[in-house]
Engineer: 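Below you'll find the structure I mean.
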Amino acid sequence: MDDRGCPRFHGCSKIGDYEILGKLGEGTFGLVHKARSKKTGAVVALKKILMHNEKDGFPITALREIKLLKMLNHPNILRLEEMAIERSKGEGRKKATMYMVTPYMDHDLSGLLENPNVNFTEPQIKCYLLQLLEGLRYLHDNHILHRDMKAANLLINNHGILQIADFGLARHYDEQVPQPGRGGGEAKRDYTNLVVTRWYRPPELLLGLRKYTTAIDICVFGEMFVRRPILAGKSDANQLQMIFELVGTPTEENMPGWSTLPGCEGVKTFKAQSGNLAQQFRAQGSLATSLLSDLMKLDWRKRINAIDALKHPYFENDPKPARPGDIPRFEDSHELDRRKFRGQKAALPPAPAGGTVGMGPSGVWAGGGGPTANGPWPNGAGPSGRRAPGGWPGGAGTTGYAAGEGPPQLSYDSRVPNQRGFNRGGHGGPLDHRPPWLRGVQQDGRHPLPPPVSQTWGGSGLDGGRDRSYRAPSGSTGGRMDSYIPSYSSGNEGTRVRDDIARRDDKYDRSRGGDRREYGVRNSGRDRSRSPGRGMDRDRATHRDRDRDLYRR
Ligand SMILES: Nc1ncnc2c1ncn2[C@@H]1O[C@H](COP(=O)(O)OP(=O)(O)OP(=O)(O)O)[C@@H](O)[C@H]1O
């Protein structure tokens, strides 16, 4: 029942009851469309459940998402209103396609952060963050791990309400729920650690911990300050390096037990660092950095939980959090709109010399696009990767990182154009926030390829320099396999490359030690070109496997 005593979940309707208004998103598990109910006039989102292999029936991941969403009832969790069914003739029998019907949300955080016409004020950030923490507290208190927290899964409407969405990777959590003052606690049983988009993966997952806790959902929200993922690692090893640059390398004091985790060996060769978070986020003030460092604590047992984060003095201090109703309305902004926004950014003039945007030579995130910014410019700099001129390893005509060049550095001079790293604008110019594989055009006019999912841990991949000795945690990512990264359209929405599909697919063969060559990919190093036919077969097979596997874990 909802607050008005009406049933929350109405059951099933027909797709004909809706008028489709446009495409909103394209996820791993389904296409999302905006639609209007012909009966009530309500604007909704319809998430189509993709049947990757019809013989296997309804995907177990979708069943899981539907089951969880039906159970949940909180203002900061997306509400499943009903399922809509479409029956169409196919191969001599009626085929059914199912849609999840949820209220339409005007934005997702990822799209909103990319929209150059939207400025985030500090009261607004506090308002969103409070709602996010309320949603997380509710989930964790109800023994649910989300396991895919990221900006694209945080939906926001023009009434200032934020809701957590996408429960495709969520699961019941068998451990004690978080207690005040007790961080994330400890888990007794193993869970699969092939969860959470790489850029949002906490260090314990990257190091192969399987007894993880609700602390994995307390990911990095510095993104709201700097308007892009603050830890955009290019491989799992690189991800760890970026985390350690920010919060320091692990020791037995700050991360007890780290040296017994499967992935620790390579990390031991990393240069010891004390972390520069306070310096990087200096512009945001000491309370913001204090909360951020609590959220990013290496020790997952001590990482602040949602209950305590809600009481952090950051929220009590001026400026006070905005009330949702006070936040202005913005034009609809979804992850899928980002290409449009990037076009707008490229058309804007470069930031004034003097560096009020981006991370300047001092290495500090300046306030350009941050909460106190006046202009439309998002912060320009970010933790970023450097790419050798030849492009990506494994892709056609690419050469990968130059040996010894090392992993991305947290340094950027906003006054120097065309640096490698997070550039700003155009192809390699200022204000270009796209992942490196979308930046720059090769001589033949094509974009460089995204990094193949098979980025290796110690071979010829992105692991030049310091990275070289790192090995994936055995038993987790299969030794030579990376976790998943958010995917972006290369500009052609119709043929969007989903690296995360592969990531999720990997779960089955990694966790079971299966032979990846069965799908003609990855560990042979021969078949990175992904011929379309084989790719589709592989996708179908691996989706099936993923669905089976996820249900167990
Ligand atoms: N109710 C909604 N209102 C508006 N937009 C929505 C809604 N639900 C989803 N979207 C849009 O569709 C995108 C994908 O949705 P969702 O994350 O649920 O799909 P998915 O297939 O599980 O994606 P992923 O690849 O992240 O697993 C979201 O990032 C958002 O932009």
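These figures come from a predicted structure and were not determined experimentally.
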Engineer: Of all heavy-atom pairs between Ser235 and Arg198, which one has the smallest distance, and what is that distance?
Structural biologist: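 Here Ser235 and Arg198 meet closest at N-NH1, 3.3 Å.
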Engineer: Is it true that a side-chain atom of Arg210 and a backbone atom of Tyr191 form a donor plus acceptor pair closer than 3.5 Å?
Structural biologist: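 Such a contact is found between Arg210 side chain and Tyr191 backbone.
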Engineer: To the nearest 0.5 Å, tell me how far Ile66 CD1 sits from Lys47 NZ.
Structural biologist: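 Going from the CD1 atom of Ile66 to the NZ atom of Lys47 covers 9.5 Å.
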Engineer: Can you find a pair of side-chain heavy atoms, one from Leu209 and one from Leu205, that are under 4.5 Å apart?
Structural biologist: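 Counting from C-beta outward, Leu209 and Leu205 never come under 4.5 Å.
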Engineer: Which word best sums up how the rings of His143 and His172 line up, parallel for under 30°, tilted for 30 to 60°, or perpendicular for over 60°?
Structural biologist: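 Taking His172 first and then His143, their aromatic rings lie parallel (interplane angle under 30°).
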Engineer: Are the charged groups of Asp299 and Lys297 less than 4.0 angstrom apart, N to O?
Structural biologist: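 A salt bridge is absent here (no side-chain N lies under 4.0 Å from a carboxylate O).
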Engineer: Mind checking whether Val32 and Lys48 have side chains closer than 4.5 Å, heavy atoms only?
Structural biologist: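 Not in contact.
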Engineer: If you measure from NZ on Lys150 to OG on Ser110, what distance do you get to the nearest 0.5 Å?
Structural biologist: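 Reported to 0.5 Å precision, the distance equals 8.5 Å.
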Engineer: Taking the side chain as C-beta and beyond, is there a heavy-atom pair between Ser333 and Glu114 under 4.5 Å?
Structural biologist: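 Ser333 vs Glu114: side chains apart.
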Engineer: So does Asp217 pair up with Arg147, basic N to acidic O under 4.0 Å?
Structural biologist: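 Between Arg147 and Asp217 there is no salt bridge, as every charged N stays at least 4.0 Å from the carboxylate O atoms.
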Engineer: Quick one, Ile49 with Tyr99, criterion side chain to side chain contact (heavy atoms under 4.5 Å, CB included). Give me CA distance, side-chain angles, the key distance, then yes/no.
Structural biologist: CA-CA 6 Å; Ile49 313 276; Tyr99 296 81; over 6 Å; no
Engineer: What's the separation between atom CD1 in Ile164 and atom CG in Asp148, rounded to the nearest 0.5 Å?
Structural biologist: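 That separation rounds to 12.0 Å.
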Engineer: Starting from the C-alpha separation in whole Å, work towards a yes-or-no answer on salt bridge (charged side-chain N to carboxylate O under 4.0 Å, His left out) for Asp174 and Lys188.
Structural biologist: CA-CA 9 Å; Asp174 301 335; Lys188 293 195 184 68; over 6 Å; no
Engineer: Applying salt bridge (Lys or Arg N to Asp or Glu O under 4.0 Å), can you list everything that pairs with Asp141, at least two apart in sequence or on another chain?
Structural biologist: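 Asp141 satisfies salt bridge (Lys or Arg N to Asp or Glu O under 4.0 Å) with no residue once adjacent residues are dropped.
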Engineer: If we only count heavy atoms from C-beta on, is the Leu109 to Leu162 side-chain gap below 4.5 Å?
Structural biologist: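 Contact flag for Leu109/Leu162 side chains = no.
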Engineer: Short question: side chain of Gln163, backbone of Pro75 - any donor-acceptor pair under 3.5 Å?
Structural biologist: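 It does hold such a pair.
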Engineer: How long is the straight-line distance from CG of Leu298 back to OG1 of Thr251, given to the nearest 0.5 Å?
Structural biologist: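 Rounded to the nearest 0.5 Å, the OG1-CG separation comes out at 8.0 Å.
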Engineer: Can you tell me how far the CG atom of Asn305 sits from the CG atom of Asp294, to the nearest 0.5 Å?
Structural biologist: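 Going from the CG atom of Asn305 to the CG atom of Asp294 covers 10.5 Å.
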Engineer: Among Asn76, Asp108, Leu132, find the residue that satisfies the side chain to side chain contact (heavy atoms under 4.5 Å, CB included) test when tested with Leu154.
Structural biologist: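 The option that passes is Leu132.
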Engineer: Please examine the side chains of Leu50 and Pro59, heavy atoms only from C-beta on, and report whether any two atoms are closer than 4.5 Å.
Structural biologist: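 No, their side chains stay 4.5 Å or more apart.
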Engineer: Without swapping roles, check the side chain of Asn142 against the backbone of Tyr138 for a donor-acceptor pair under 3.5 Å.
Structural biologist: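 Answer holds: yes.
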Engineer: Quick one: are Ile144 and Leu68 in side-chain contact, heavy atoms under 4.5 Å?
Structural biologist: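 Yes, their side chains come closer than 4.5 Å.
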Engineer: Residues in side-chain contact (heavy atoms from CB on, under 4.5 Å) with Pro103, at least two apart?
Structural biologist: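 Scan of Pro103 (side-chain contact (heavy atoms from CB on, under 4.5 Å), adjacent residues dropped) gives Leu78, Arg79, Glu81.
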Engineer: Taking only Lys NZ, Arg NE, NH1 and NH2, and the carboxylate oxygens of Asp or Glu, determine whether Glu204 and Arg303 approach each other closer than 4.0 Å.
Structural biologist: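 So Glu204 pairs with Arg303 through a salt bridge.
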Engineer: For the side chain of Arg227 and the backbone of Leu113, is there at least one donor-acceptor N/O pair under 3.5 Å apart?
Structural biologist: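 Checking the backbone N and O of Leu113 against the side chain of Arg227, a donor-acceptor pair under 3.5 Å is found.
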Engineer: Restricting to non-hydrogen atoms, name the atom on Gly135 and the atom on Ile77 that form the minimum distance, rounded to 0.1 Å.
Structural biologist: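 Closest pair (atom of Gly135, atom of Ile77, distance): O-CD1, 3.8 Å.
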Engineer: Checking side chain to side chain contact (heavy atoms under 4.5 Å, CB included) for the pair Lys23/Leu336: CA distance, chi angles, key distance, verdict?
Structural biologist: CA-CA 9 Å; Lys23 187 151 108 179; Leu336 212 59; 3.8 Å; yes
Engineer: Which heavy-atom pair separates Ala187 from Tyr173 by the least distance, and what is that distance?
Structural biologist: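 Residues Ala187 and Tyr173, closest heavy atoms: CB-OH, 4.3 Å.
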Engineer: Under the side-chain contact (heavy atoms from CB on, under 4.5 Å) rule, collect the residues that match up with Gln179, sequence neighbours excluded.
Structural biologist: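 Counting only residues at least two positions away or on another chain, Gln179 forms a side-chain contact (heavy atoms from CB on, under 4.5 Å) with Gln176, Val177, Arg182.
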Engineer: Counting distance only, does the side-chain N/O of Tyr212 pair as donor-acceptor with the main-chain N or O of Thr192 below 3.5 Å?
Structural biologist: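 Present.
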Engineer: Take His74 and Glu134 through the test side chain to side chain contact (heavy atoms under 4.5 Å, CB included) and record every step on the way to the result.
Structural biologist: CA-CA 9 Å; His74 188 272; Glu134 288 287 4; 4.0 Å; yes
Engineer: Would Thr213 and Leu145 satisfy side chain to side chain contact (heavy atoms under 4.5 Å, CB included), going step by step from the backbone distance to the final call?
Structural biologist: CA-CA 8 Å; Thr213 69; Leu145 293 173; over 6 Å; no
Engineer: Shortest non-hydrogen contact from Met224 to Ile125?
Structural biologist: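 Scanning both residues completely, I find the closest heavy atoms to be O-CD1, 3.5 Å.
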Engineer: Among His146, Glu175, His140, which one satisfies side chain to side chain contact (heavy atoms under 4.5 Å, CB included) with Thr214?
Structural biologist: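 Among the candidates, only His140 passes.
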Engineer: Atom CD1 in Ile156, atom NE2 in His334: separation rounded to 0.5 Å?
Structural biologist: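 Going from CD1 on Ile156 over to NE2 on His334, the span is 10.0 Å.
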Engineer: Please report the shortest heavy-atom distance between Trp300 and Lys211, naming the atom on each side.
Structural biologist: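 Answer, listing the atom of Trp300 first, then Lys211: NE1-O, 4.5 Å.
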Engineer: Less than 4.5 Å apart, side chain to side chain, heavy atoms only: is that true for Trp199 and Glu223?
Structural biologist: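 In short, these two side chains do not touch, never coming nearer than 4.5 Å.
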Engineer: If you look at every heavy atom in Met100 and Leu80, which pair is closest and at what distance?
Structural biologist: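 Looking at all heavy atoms of both residues, the shortest contact is CB-CD1, 3.7 Å.
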Engineer: Less than 4.5 Å apart, side chain to side chain, heavy atoms only: is that true for Glu252 and Trp258?
Structural biologist: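 Yes, at least one pair of side-chain atoms sits under 4.5 Å.
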